[in-house]
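Since the structure is predicted, the reported quantities are computational estimates derived from the model, not experimental observations.
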2 protein chains.
Amino acid sequence: MTEGTGRAPRRRADARRNESALLDAAAAVFVASGVEAPVRDIAAKAGVGVGTVYRHFPTRADLVVAVYRHQVEACAVAGEQALEHTDSPFEALRGWIDVFVDFLVTKHGLAGALQSDDPQFQVLHAYFLDRLLPVGTRLLEAGVAAGEVRDDVSAMELMRGVGGLCIGPADDRYDVRHTVGVFLDGMRAP
Amino acid sequence: MTEGTGRAPRRRADARRNESALLDAAAAVFVASGVEAPVRDIAAKAGVGVGTVYRHFPTRADLVVAVYRHQVEACAVAGEQALEHTDSPFEALRGWIDVFVDFLVTKHGLAGALQSDDPQFQVLHAYFLDRLLPVGTRLLEAGVAAGEVRDDVSAMELMRGVGGLCIGPADDRYDVRHTVGVFLDGMRAP
DNA sequence: AACGTTACGGAACAACGTTCCGTTTGTCGA
DNA sequence: TCGACAAACGGAACGTTGTTCCGTAACGTT
């Protein structure tokens with residue numbers, strides 16, 4: 001009880017305003033230039049100095065997480081509900097992966113950042129894994145239990161595999177969704 | 001015949017010496033720090049100035065290509081020969097992909113560079129594709145003809161897919177070879 | 001040996017992430 | 001309403017990188 005039950009002491013108005021402006025600006029810049037856009041660009045778009053960016057979001061990864069938190073959450077929920085709305089766990093899995101792929105391919109550079117070994121993105125990595133790995137595990141287990149999914153694939157291999165397949169620039173000769181479909185076919189029980 | 005059949009006019013001794021030292025140094029630094037190591041590190045290790053690096057290799061990608069050319073060539077040859085030494089085109093494909101994966105996972109950061117949309121790596125991208133795509137196509141076609149491989153997967157999807165699965169830091173929970181195996185299983189004819 | 005050419009080295013520039021600190025601005029009690 | 005203090009701000013400044021540029025040194029030839 002070092003801090004009792006007291007709530008956070010309500011921040012200053014400009015601080016809240018700037019955080020919100022930063023999130024909006026970052027979302028816009030990420031769409032236009034990808035998640036690796038210069039911090040200065042985001043600061044400029046939000047009408048604040050770079051110092052303000054770093055006060056609100058200690059690392060770039062924190063900003064990325066904040067911008068996409070809602071959508072990651074929605075993706076996790078979609079996975080948790082997927083099993084309830086179909087009688088085939090494999091189809092539930094496929095549907096969920098579809099949602100995940102849609103999310104990744106519309107965020108330029110995000111898949112790359114997710115897989116990056118740059119320690120800068122540690123937080124991003126951790127957040128996605130924390131939130132989505134358990135969901136993947138449950139879908140996988142349901143599939144295995146129903147005899148539809150092979151039992152030697154971990155959720156980590158599923159998520160990182162799909163993530164890896166989503167990396168890279170758009171290209172006519174490479175259909176992400178089709179390739180992910182091939183990967184999923186490889187996960188069917190023999 | 002603007003230049004006739006005359007050969008290149010033989011470069012200076014120090015130029016040849018430095019190019020060789022640069023290749024050795026780059027190979028060593030790539031092993032130690034990955035293919036994204038600072039150019040200054042490579043120059044220092046080779047005992048030359050940065051200007052010399054850029055004179056010999058206009059872009060970082062040219063240096064990477066030069067360092068790995070032999071191995072990529074060997075990989076391409078292995079693929080061309082794979083079909084001759086087995087009666088199962090699918091196993092030939094699997095064996096070749098194994099060679100490719102071994103190559104990628106031992107080159108820290110190379111898979112990432114290959115998939116990168118940074119125009120800096122355009123040359124690298126082009127070289128790998130030029131050399132390996134035709135090989136993949138032939139292996140795939142042989143597999144399809146034998147009824148062992150599904151006919152709706154392109155060599156681009158094969159190579160970029162496998163490349164994507166090889167991206168990222170080592171991790172106990174993610175077994176690259178196993179995950180690639182799953183992907184390949186998905187490519188079997190139904 | 002002298003000369004022209006080739007190649008070298010590293011200073012210099014630009015772009016970026018990140019830190020730091022003098023200044024401004026909210027907030028709250030008097 | 002006013003004053004004071006903490007919170008938050010802005011952007012200059014620093015370190016690291018890729019890349020260019022040019023005065024200088026080394027090579028090879030006559």
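A pairwise comparison of heavy atoms in A:Thr179 and B:Gly161 identifies CG2-CA, 4.4 Å as the closest pair. Residue B:Trp96 comes nearest to B:Leu132 through the heavy atom pair CH2-O, 3.8 Å, listed as atom of the first residue, atom of the second, then distance.
Straight-line distance from the CZ atom of A:Arg40 to the P atom of C:dG17: 7 Å, rounded to whole Å. Nucleotide C:dA15 holds its P atom 16 Å from the CG atom of B:Asp118, rounded to whole Å. Distance B:Asp41 CG to D:dT16 C1': 11 Å, rounded to the nearest Å. Summarising the geometry, the separation between CD on B:Glu36 and P on D:dT19 is reported as 12 Å, rounded to the nearest angstrom. Atom P of nucleotide D:dA7 and atom CZ of A:Arg11 are separated by 13 Å, given to the nearest angstrom. The CG atom of A:Asn18 sits 6 Å away from the P atom of D:dG10 (whole-angstrom rounding). Counting to the nearest Å, the P atom of C:dA7 and the CZ atom of B:Arg17 are 13 Å from each other. The nearest whole Å value for the distance from the CD1 atom in B:Ile42 to the P atom in D:dT17 is 12 Å.
Comparing atom distances between the B:Pro38 side chain and each of D:dG10, D:dT17, D:dC27 picks out D:dT17 as nearest. Minimum atom distance to the side chain of B:Tyr54 is reached by D:dG18, of the listed D:dA8, C:dT18, D:dG18. The side chain of B:Ala13 has D:dC27 as its nearest neighbour among D:dC27, D:dT19, C:dA7. Closest approach to the B:Arg55 side chain among C:dA7, D:dC9, D:dT17 is made by C:dA7 (side chain taken as heavy atoms from C-beta onward).
Along DNA chain C, the nucleotide closest to A:Gln120 and the one closest to B:Gly47 are compared, and the more 5′ of them pairs with B:Gly47. Closest-nucleotide positions on DNA chain D for B:Gly51 and B:Arg16 were compared, and the one nearer the 5' end corresponds to B:Gly51.
You won't find any donor-acceptor pair under 3.5 Å spanning the side chain of B:Arg60 and the base of D:dG18, going by distance alone. Between the side chain of A:Arg12 and the base of D:dA8 there is no donor-acceptor pair of N/O atoms closer than 3.5 Å.
A 6.0 Å sphere centred on NE2 of B:His85 holds more than 12 heavy atoms belonging to other residues, nucleotides or ligands.
Ion pairing between B:Glu141 and B:Arg138 fails under the 4.0 Å rule for side-chain N and carboxylate O.
Atom-to-atom distance recorded for B:Phe57:CZ and B:Ile42:CD1 is 10.0 Å, nearest 0.5 angstrom.
When the side-chain nitrogen and oxygen atoms of A:Thr52 are compared with OP1 and OP2 of D:dG10, one or more of them lie within a distance under 4.0 Å. Taking side-chain N and O atoms only, B:His56 has a distance below 4.0 Å to OP1 or OP2 of C:dC8.
Within 4.0 Å of B:Val50, counting heavy atoms only, lies at least one base atom of the nucleic acid.
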